[in-house]
Amino acid sequence: MAKDKGKGWSPGLAGLLSPVTFWLGLFFLAPLLLIVAYSFGTAGVYGGMKLGFNTNNYAQIADPLYLKILFRTLVIAVLTTLLCLVLGYPLAYFIAFRSRKWRNNLILLVMIPFWSSLIIRVYAWVVILSGNGIANHALQFLGITNGPVNLIFTPKAVLMGMVYSYLPFMVLPLYASLESFDVSLKEASQDLGANRWHTFWRVTFPLSMPGVIAGSILVFIPAAGEFVVPQLLGGAKTTMMGNLIQQQFLDARNWAFGSALSMILAVVLLVAIIFYVRRVGTDKLEVG
Amino acid sequence: MGKTRISRGRFLKMVGTAGATGSALSVLAACQTSTTPQQSGGGGGGGNTLHIYNWAQYLAPYDIKHFEKKFGMNITQDTYSSNEELLAKLQGGGTGYDVIVPSDYMVSIMAKSKVIQKLDMSKIPNFKNVSKHYRGLPFDPKNEYSVPYQAGTTGILYNKKKVGRVETWDPLWDPKFKGKMAMINDVRETIGAALMRRGYSENSTDPRKLQQAKQDLIKQKPLLQGYFDSVENVPMVRRGDIWLAHVYSGDGFLAIVQDKNLAYAIPKPGATLWVDNLCIPVGAPHVDLAHKFLNFILAPKPGAALTEYTDYSTPNQAAVPLVHGKFTKIPQWDPSGKVYDRLQTIRDIGKATRTYERIFTEVKSS
């Protein structure tokens, strides 16, 4: 986009960009290259690493056990993204069309959870959902259940915890794209005879696509790499790629396989996102 | 193991109380602070200071004070949360640490990797205080590299009222207690429990035995709430969410002293004895002082202060009579010789670690 505006390189621009280039190079690119190198290495039994060109680490993923975990991870990440969209869109829509004062206060409420650590918030769910927790007491008090029921340490609890954790990442970009929405377009649509339903699907929703795309990507990527929620809310019974990678690094002392798994996950995510953006339309990304 | 022993000791008391009152926030707040270094500075090898690299909350203030006074030196500590982290740091070299506290299997790995040095036993006369049960264990058969620091077992914390008396591993496979049980989320401990339940060694690499253990664990999985750290299992038992949990002894003891319905079992026919040890890294700046520290900890009073602080069992026999606290009344705190006969230590199994890892992943994904 910058190129379109015809601005070439200048010493000033290069100077301004050099800190960030240095930063990303040192803290993003170098570790990434290290992981690429490790993924072709051979891990010593006690954690050392012999570099080389060993494709064995990648071949191991063909093990049905690991393919199953990869597939499960993608399913959970997609479901998380869809649920966040379904829950987040009405919320973002509601907030975006309030008066300025209300808008700012409501969006502040959406961001409040970020003030505390994710682990603390997820652990709070453990206490709420546990056998003798608040949720079970409430259900029994209301006469809905008769004794404690199992609400936690199931794949459903994992999904719930992930939707909870990532919902703000969906709401914020949706809000940003809806907030700048020109209300006169909606009025024009209705003046021209479209009902509210039509107006939404033909005018409002398409114009909010940049927010939908950005929100989906922001939720999908971390969801696919999640490992805290499956541990805390899944009782480690719903293994995801993040857990598998963590185990290779921390328990199995197999950094080579752990690196290969990380690379495979990264490539799968990249392909999925390219496919998604192509499908939904890249040009729309530039509208917002 | 290692990582599951993240923050034992004082921290567990907080977990116990917080678990009972349902205050998750304080647990996590505690968890986060307890894994940060107590004194940062990364060793460094300064002249007048003994640098200890230790688990969090794992050295009694009494010991620090008295050692510093006696030898006119300062002690600084950095902390780690897993044996693997400790190993990686030492392999990196140049840490400047004088004393480290690896667990059993890690001692043999470190000796093989040549990152710890042989001890000069003539400088550690208090080694005579070490109980015979803690000498010459398989990970360091001649005590060339290590002296034992603190110890315990891995067994079952259970609610006597709900499950009666527990003596073997079988109750953890009993469908009667479906949804009321949890195991430790640790490859070696949990596969080890399945192996020992069948009377095998928990270090077995025999494919047939491992296959049986895997099938047993797959059968057990639907009966479990899940696989957690030992410190997470304890509050669930205390809240009554579960009745039986696979835990480290020290974690169990803290719950028992607060709730008389709870008990701890060292299951038959076999259970894990774990031992944390003091070692001196290769290249330690204060080798002589480090030996003095090892000798100091094995003296009766400092040893007693240490175990009163951690609530674990002590290999220091001379310290046992001096230890006060409710947990000393729990029979499993100071087990009899007969119990020791059936305990096993987790040993380094080299490449088979990866076989174990795959089995555990398969069980958890079943």
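Keep in mind that what you see is a predicted model, and the values were worked out from it rather than measured. We name chains A, B, ... by the order of the sequence lines, and we start the count at 1 in each one.
- Going from atom CZ of Arg358(B) over to atom CD of Gln60(A) covers 9.5 Å, rounded to the nearest 0.5 Å.
- In the displayed structure, Phe169(A) atom CZ is contacted under 6.0 Å by at most 12 heavy atoms of other residues, nucleotides or ligands.
- Chain A forms the most heavy-atom pairs under 4.5 Å with one residue out of Ser113(B), Ala88(B), Gly226(B), and that residue is Gly226(B).
- Of the atoms belonging to Tyr66(A), it is side-chain heavy atoms, and not backbone ones, that fall under 4.5 Å from chain B.
- At least one side-chain heavy atom of Ser130(A) sits under 4.5 Å from a side-chain heavy atom of Arg239(B).
- For the pair Lys68(A) (side chain) and Ser365(B) (backbone), a donor-acceptor distance under 3.5 Å is present.
- In this structure, Phe153(A) has its ring center at least 6.0 angstrom away from the ring center of Tyr227(B).
- Open room surrounds NZ on Lys156(A); 12 or fewer heavy atoms of other groups in view lie less than 6.0 Å from it.
- Of the residues considered (Thr239(A), Ile134(A), Ile152(A)), Thr239(A) shows the highest number of contacts with chain B, using heavy-atom pairs under 4.5 Å.
- The side-chain heavy atoms of Thr154(A) and Gln225(B), taken from C-beta on, include no pair separated by under 4.5 Å.
- Identified by a heavy-atom distance below 4.5 Å to chain A, the contributing residues of residues 216-224 of chain B are Lys221(B), Leu224(B), in residue-number order.
- With a 4.5 Å cut-off on non-hydrogen atoms, Ile128(A) does not touch chain B at all.
- For Asp63(A), the part lying under 4.5 angstrom from a heavy atom of chain B is the side chain only.
- The closest side-chain heavy-atom distance from Glu232(B) to Tyr123(A) is below 4.5 Å.
- Between Thr238(A) and Lys364(B), the closest side-chain pair of non-hydrogen atoms is not below 4.5 Å.
- For the residue pair Asn132(A) and Asp241(B), the shortest heavy atom distance occurs at N-OD1, 2.8 Å.
- More than 12 non-hydrogen atoms from other residues, nucleotides or ligands lie less than 6.0 angstrom from CZ of Phe114(A).
- Residues satisfying the salt bridge (charged side-chain N to carboxylate O under 4.0 Å, His left out) criterion with Glu144(B), sequence neighbours excluded, are Lys118(B).
- Counting heavy atoms from C-beta outward, Gln231(A) and Asn185(B) have side chains that approach closer than 4.5 Å.
- Rounded to the nearest 0.5 angstrom, Phe257(A) CZ and Arg354(B) CZ are separated by 10.0 Å.
- Side chains of Glu357(B) and Asn254(A): a donor-acceptor N/O pair is absent below 3.5 angstrom, by distance only.
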